[in-house]
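This is a predicted model, so every value here is computed, not measured.
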Amino acid sequence: MKPIQQPASDARIVILTGAGISQESGLETFRDPDGIWSKVRIEDVATPEAFAADPDRVHAFYNMRRKRALTLNLEPNAAHKALAELEARWPGEVLVVTQNVDSFHERAGTTNLIHMHGRHAEARCNHCSHVVPWSGDMSVDVVCEGCAKPGGIRPNVVWFGEMPLQMDRIQAALFECDLFISIGTSGNVYPAAGFVGLMRKMGRGHTVELNLEPSTGASLFAESHYGKATDIVPRYVAALLNDQT
């Protein structure tokens with residue numbers, strides 16, 4: 001890896017992660033040519049309108065996704081573990097914001113974490129917004145334990161047309177961060193794709209892209225390193241922590 005720009009030891013770090021960091025754990029991606037969206041229409045399973053029109057079909061899709069994840073028994077990879085180590089050892093604040101709905105980051109040990117697109121392993125009630133952990137099947141017959149109404153339980157994932165979660169907290173962190181790192185993202189999904197542009201517009205903080213290949217917004221980053229996430233992320237983290245040992 002080429003030399004990195006070393007931040008101050010108390011720098012506040014915000015890390016955005018996308019599908020590229022989990023792909024090497026064996027998880028199927030959505031946007032690759034042979035990914036999930038090449039096999040099923042977004043409009044049929046991943047919008048509020050789809051759920052209103054045919055909740056059984058939407059539930060069947062996400063039930064299949066949860067079962068598949070459990071069957072594959074996948075594990076966090078070296079990139080997830082490196083970010084957890086960075087959070088544990090860095091003197092300043094480290095916040096991981098992930099677009100992924102899997103649980104690899106928390107299983108690797110990351111604690112300061114925002115799932116901006118929600119989590120597969122949770123259910124949310126459309127009636128009262130009550131959120132609970134969930135590992136089994138969902139259906140329209142499930143009664144919410146929060147409001148005691150049936151029919152509203154849905155996957156706690158952000159569908160197309162919905163606002164990502166905790167955007168106020170994410171924006172506040174970006175306003176204050178000294179180092180923004182984007183890992184494994186295509187640069188096609190907003191608002192996450194606009195984070196680097198926001199940093200550049202504010203004129204503060206250093207920006208770094210760690211990716212398999214240049215993203216759509218690669219030219220906006222001040223520093224970039226390309227390769228497999230399991231290679232470049234641990235090496236980048238090791239370089240960051242070098243002065244902290």
Rounded to the nearest 0.5 Å, how far does [atom2] of [Y] lie from [atom1] of [X]?
X      : Y      : atom1 : atom2 : answer
Leu220 : Ser182 : CG    : OG    : 10.5 Å
Thr230 : Ile21  : OG1   : CD1   : 9.5 Å
Thr185 : Leu212 : OG1   : CG    : 11.5 Å
Arg169 : Leu174 : CZ    : CG    : 11.5 Å
Leu165 : Ile170 : CG    : CD1   : 8.0 Å
Ser25  : His80  : OG    : NE2   : 5.0 Å

Can any side-chain N or O of [X] pair as donor or acceptor with the backbone N or O of [Y] at less than 3.5 Å?
X      : Y      : result
Trp90  : Ala11  : yes
Glu49  : Glu43  : no
Trp134 : Gly136 : yes
Arg154 : Arg124 : no
Gln99  : Ala192 : no
Thr98  : Gly18  : no
His115 : Asn100 : yes
Glu24  : Ala229 : yes

Do other residues, nucleotides or ligands put more than 12 heavy atoms under 6.0 Å from Asp168 CG? no
Counting heavy atoms not belonging to Arg107, are there more than 12 under 6.0 Å from its CZ? yes
Hydrophobic cluster membership, with links at side-chain heavy-atom distances under 4.5 Å among I/L/V/M/F/W/Y: are [X] and [Y] in one?
X      : Y      : value
Ile153 : Tyr62  : no
Val14  : Val196 : yes
Ile183 : Leu179 : yes
Leu210 : Leu86  : yes
Met199 : Val208 : no

Criterion salt bridge (Lys or Arg N to Asp or Glu O under 4.0 Å) on Glu106 and Arg119, from CA distance to verdict: CA-CA 11 Å; Glu106 45 266 65; Arg119 298 186 63 223; 3.1 Å; yes
State, to 0.1 Å, how close [X] and [Y] come at their nearest heavy-atom pair, and which atoms those are.
X      : Y      : value
Val158 : Gly118 : CG2-N, 4.2 Å
His130 : Gly146 : CD2-N, 3.8 Å
Ala239 : Ile4   : CB-CD1, 3.6 Å
Ala82  : Pro234 : CB-CA, 3.7 Å
Val45  : Trp159 : O-NE1, 3.9 Å
Asp44  : Ala50  : O-CB, 3.4 Å

Please identify which of these residues, Glu122, His117, Arg65, meets the side-chain contact (heavy atoms from CB on, under 4.5 Å) condition with Val101.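 That would be His117; it is the only one of Glu122, His117, Arg65 passing the side-chain contact (heavy atoms from CB on, under 4.5 Å) with Val101.
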Among Leu95, Thr17, Val96, Ile15, which residue satisfies the side-chain contact (heavy atoms from CB on, under 4.5 Å) criterion with Leu113? Val96
Fit a plane to each ring of Phe51 and His59, take the angle between them on a 0 to 90° scale, and name the class: parallel (under 30°), tilted (30 to 60°) or perpendicular (over 60°). perpendicular
For His206, enumerate each residue passing the ring-ring contact (aromatic ring centres under 6.0 Å, His included) test, keeping only those at least two apart in sequence or located in another chain.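 His206 satisfies ring-ring contact (aromatic ring centres under 6.0 Å, His included) with no other residue.
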Side chain proximity check, [X] to [Y], heavy atoms < 4.5 angstrom:
X      : Y      : answer
Leu240 : Pro7   : yes
Thr111 : Glu87  : yes
Pro214 : Ser224 : no
Pro76  : His105 : no

Before you tell me yes or no, could you show the steps for Arg57 and Asp54 under salt bridge (Lys or Arg N to Asp or Glu O under 4.0 Å), namely the whole-Å CA-CA distance, both residues' side-chain angles and the distance that decides it to 0.1 Å? CA-CA 6 Å; Arg57 181 174 187 175; Asp54 194 346; 5.2 Å; no
Salt bridge (Lys or Arg N to Asp or Glu O under 4.0 Å) between Asp178 and Arg204: does it pass, once the steps are laid out? CA-CA 7 Å; Asp178 304 296; Arg204 61 158 297 149; 3.0 Å; yes
Given side chain to side chain contact (heavy atoms under 4.5 Å, CB included), test Val132 with Glu145 step by step and report yes or no. CA-CA 9 Å; Val132 293; Glu145 64 180 41; 3.4 Å; yes
After noting the C-alpha distance and the side-chain angles of Thr207 and Glu223, does the key distance pass the side chain to side chain contact (heavy atoms under 4.5 Å, CB included) rule? CA-CA 6 Å; Thr207 57; Glu223 181 181 338; over 6 Å; no
Presence of salt bridge, Lys228 and Asp231, under 4.0 angstrom: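 Looking at Asp231 and Lys228, the cut-off is not met.
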Note: Arg66-Asp137 ion pair, threshold 4.0 Å (strictly below):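 No, this pair does not count.
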For Asn211, all residues meeting side-chain contact (heavy atoms from CB on, under 4.5 Å), sequence neighbours excluded: Glu209, Ser215, Tyr226
Quick one, Arg200 with Phe180, criterion side chain to side chain contact (heavy atoms under 4.5 Å, CB included). Give me CA distance, side-chain angles, the key distance, then yes/no. CA-CA 10 Å; Arg200 185 164 178 166; Phe180 172 69; over 6 Å; no
